[in-house]
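Whatever order the structure lists them in is the order used to number ligands and atoms, beginning at 1.
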Amino acid sequence: MPNTETGAGRVDTPPHRPLALVLFGSPGSGKGTQAKLLVRLLGIPQISTGDMLREHVRQHDGVGTAVEAKLKAGILVKDEVVNSLVEQRLAQPDTARGFILDGYPRTVAQADKLCAMLAARGVQELVIHLVVDYNVIIARLTGRRQCPVCGTLYNLVSKAPKVPGVCDLEGAKLIVREDDREPVIRERLEAYGRETRPILDYFREKGKRVYDVDASHDPPEGVFRKIEALIREQ
Ligand code: ADP
C-alpha cells in the first residue's frame with residue numbers, strides 16, 4: 001500500500017499492490033465528497049455508479065432510458081446493469097493502479113460480483129464505512145443543492161453558496177436533484193437499510209478489511225484525514 005510520497009501530499013500506490021477502495025455508507029454520508037478528495041491524494045480514479053447512471057440518462061441512450069424512472073424514484077437499478085457498467089469501467093487502463101468505488105456495491109449480489117472481479121485481478125478491497133447519524137443524513141440530503149453546469153455540491157447548512165441559490169464558480173442557478181426530494185429520500189434510505197447495509201456483514205464474514213469512520217460531526221477535511229491515516233496504516 002502507499003509507502004512513498006510525492007509532491008503536495010500525494011501518495012503513490014506501488015503498481016504491484018493496487019488499491020481497491022470501497023467507500024461505503026448511506027446516501028448523504030459524504031461518499032462523493034470523500035472520493036473526490038481521495039482522487040487528489042492517490043491519483044487513482046473515482047468510479048461512481050450514480051454519476052455513470054446519471055450520465056447515461058443525460059445521453060438518452062439505451063441504459064439511460066431503462067434506468068431513468070428508477071433514479072427519479074430512488075429505487076435501485078438492476079444488479080446486471082450496474083455490474084456490467086462497473087466491469088466495463090474496470091477494463092479501462094486508468095484503473096490499473098487502483099480505483100475508488102463510490103456507491104457500488106449496493107446489494108449483496110453486487111458485492112459478490114465485485115469480490116469475483118477483484119479476485120480475478122488479484123486485488124484486495126479496503127472498505128471504508130462512513131458512519132453518520134440518521135438526523136444528520138436527513139438534514140444534509142434535504143439541504144443539498146447542485147450546480148447544473150459544473151456539478152459542484154452545496155449545502156444550505158454546512159456549505160452555502162456565497163450568493164443564495166447561485167453557483168460560486170459558474171454563476172448558474174442551483175438545483176435540487178430530483179431524488180433529493182423528501183419522499184424519494186425516504187425511499188433511498190429504506191433501500192439502503194434493506195439492501196445495502198447487509199453487505200457490511202457479508203464483507204466481515206468473508207474476512208475483508210472493513211473500517212468504520214465516524215463522519216457525522218467533522219467537516220469533510222477531518223473525515224478525510226481519518227481515511228488517509230487508515231490508508232497509510234495498511
Ligand atoms: P446516493 O448515494 O446519494 O443515493 P448515488 O448518486 O450514489 O446517490 O445514486 C443515485 C441513484 O442511482 C440511486 O438511488 C439508484 O437509483 C442508482 N444507483 C447508483 N448506484 C447504484 C448501484 N450500485 N446499484 C443500483 N442502483 C444504483
Open item on the list: Checking the N or O distance criterion of under 3.5 Å, is ligand 1 in contact with P27?
Closed with: no
Task: ligand 1 to I75 polar contact by distance, N or O atoms, under 3.5 Å - done: yes
Open item on the list: Closer than 4.0 angstrom, basic N to acidic O: yes or no for R54 and E178?
Closed with: no
Open item on the list: Quick check: do V166 and P161 have side-chain heavy atoms less than 4.5 Å from each other?
Closed with: no
Task: atom 3 (O) of ligand 1 [closest protein heavy-atom partner, distance rounded to 0.1 Å] - done: R188 NH2, 2.6 Å
Task: Option with minimal heavy-atom separation from atom 8 (O) of ligand 1, where the choices are K31, R140, R177 - done: R177
Open item on the list: Any carboxylate oxygen within less than 4.0 angstrom of a Lys/Arg side-chain nitrogen, looking at E55 and R58?
Closed with: yes
Open item on the list: If the cut-off is 4.0 Å to any non-hydrogen atom of G103, which atoms of ligand 1 fall inside it?
Closed with: 20 (N), 21 (C), 22 (C), 23 (N)
TODO: For atom 24 (N) of ligand 1, find the nearest protein heavy atom and state the residue, atom name and distance (0.1 Å precision).
DONE: Q110 NE2, 2.9 Å
- [ ] Taking only Lys NZ, Arg NE, NH1 and NH2, and the carboxylate oxygens of Asp or Glu, determine whether R225 and E221 approach each other closer than 4.0 Å.
- [x] no
TODO: Output yes when R89 and D51 qualify as a salt bridge under the 4.0 Å nitrogen-oxygen rule, no when they do not.
DONE: no
- [ ] Return the residue, atom name and 0.1 Å-rounded distance of the protein heavy atom closest to atom 10 (C) of ligand 1.
- [x] R54 NH1, 3.6 Å
TODO: Using modelled atom types only, decide if a donor and an acceptor are shared between the side chain of R188 and the backbone of D179 within a distance under 3.5 Å.
DONE: yes
- [ ] Identify the protein heavy atom lying closest to atom 11 (C) of ligand 1, giving its residue, its atom name and the separation to 0.1 Å.
- [x] L71 CG, 4.1 Å
TODO: Report the nearest protein non-hydrogen atom to atom 26 (N) of ligand 1: residue, atom name, distance rounded to 0.1 Å.
DONE: V77 N, 3.0 Å
- [ ] Mark the output for E187 as yes if a heavy-atom distance to ligand 1 is under 4.0 Å, and as no if none is.
- [x] no
- [ ] Report, in ascending order of atom number, the atoms of ligand 1 lying under 4.0 Å from any heavy atom of R144.
- [x] 3 (O)
Open item on the list: Could you check whether any side-chain heavy atom of M52 comes within less than 4.5 Å of a side-chain heavy atom of I47, counting everything from C-beta outward?
Closed with: yes
Open item on the list: Starting from atom 20 (N) of ligand 1, what is the nearest protein heavy atom, named by residue and atom, and what distance separates them?
Closed with: T49 OG1, 2.8 Å
TODO: Go through the structure and list residues passing side-chain hydrogen bond (donor to acceptor under 3.5 Å, both in side chains) with E68, not counting sequence neighbours.
DONE: none
Task: Atoms in ligand 1 flagged as close to Y104, the criterion being non-hydrogen separation under 4.0 Å - done: 23 (N)
- [ ] Have a look at ligand 1 and work out which part of L76, if any, has a heavy atom under 4.0 Å from it: side chain, backbone, both or neither.
- [x] both
- [ ] Starting from atom 17 (C) of ligand 1, locate the nearest protein heavy atom and write down its residue, its atom name and how far away it is, to 0.1 Å.
- [x] L53 CD1, 3.6 Å
TODO: May I ask you to identify the nearest protein heavy atom to atom 13 (C) of ligand 1, giving residue, atom name and distance to one decimal place in Å?
DONE: R106 NH2, 3.8 Å
Open item on the list: Using 0.5 Å steps for rounding, measure from the CG atom of L118 to the CD atom of Q124.
Closed with: 9.0 Å
Open item on the list: Check the orientation of F24 and H129. Use parallel for under 30°, tilted for 30 to 60°, and perpendicular for over 60°.
Closed with: perpendicular
